[in-house]
Every structure is written in structure tokens, then in C-alpha cells.
Amino acid sequence: MVDMDRITGAARDLGGTVQDAVGDAVGSDRHAVAGHLREARGTAEALYGQAKDAVRHAADEVSDHAAEAYDRGRHVAWEGHQRSVAWPHASLVVAGLVGFGLGFLASRL
């Protein structure tokens, strides 16, 4: 989506260019200077709109990457949960080995 500042800035820039040209054509320094000022204001407003668009685009990109990372993390956690449910005996074997090792160490003291 294009920012309205870009549109109004471009319109002011064009209006300033026309006013400057008319001022030069009729020999009016006042109109020429006013045209330059309007043109400069329009250019600044258009640049401001471009900057806002760039920031908005960057924020959207960051949001998309964060959502993808969250989804990947959820998927990995779900797979880990499914594997732990599918292999409950492995957890019991590991717990038994740890208990046996602690018992063996305690009997040596």
C-alpha cells in the first residue's frame, strides 16, 4: 500500500514545478520562488512517505519471519512430544540406568 504522503508530495512537487515555470515565463520572481518552495516541500513529503513505506515493509518482513520461526518451533516441539509418547519404554530404561548407577555409587561409599 502506498502512503498518502507520497501521493500528496508528488502532487505538490508537480504543482511547484508548474508554478515555478509559470513564474519564470511571466517574469515573476515571487511566483518562481513560491514554486521552488512548493516543489521542495513536495519532494520532502514524498521522501517522508517513502521512508514510512520502507519501515512498514521492514516491519512486515520481521513479522513474517517471526511467525515462520514460531511455526517451526511448534512443529519441532510437537514432533518431540510424539516421539516421547511413541517410545515411553526408552524413558523408563534411561531412568532405570540412572537409578542403577546412583545405587552402585552409593553402595561404594
Centroid separation under 6.0 Å, is that true for the rings of Trp78 and His75? no
Ala10 to Ala46 - nearest heavy-atom pair and separation: N-CB, 4.2 Å
Which heavy atom of Arg38 sits nearest a heavy atom of Arg12, and at what distance? CG-O, 3.4 Å
Residues joined to Leu97 in its hydrophobic cluster, side chain to side chain under 4.5 Å directly or through other members, sorted by chain and number, are Val93
Distance-only, no hydrogens or angles: does the Thr43 side chain make a donor-acceptor pair with backbone N or O of Glu39 under 3.5 Å? yes
Using a 6.0 Å cut-off, check whether atom CG of Asp60 has over 12 heavy atoms from anything other than its own residue. yes
Start with the C-alpha gap between Glu45 and Thr8, add the side-chain angles, then the distance that decides, and say whether side chain to side chain contact (heavy atoms under 4.5 Å, CB included) holds. CA-CA 7 Å; Glu45 190 172 2; Thr8 57; 2.7 Å; yes
When rounded to the nearest 0.5 angstrom, what is the spacing between NZ in Lys52 and CE in Met4? 10.0 Å
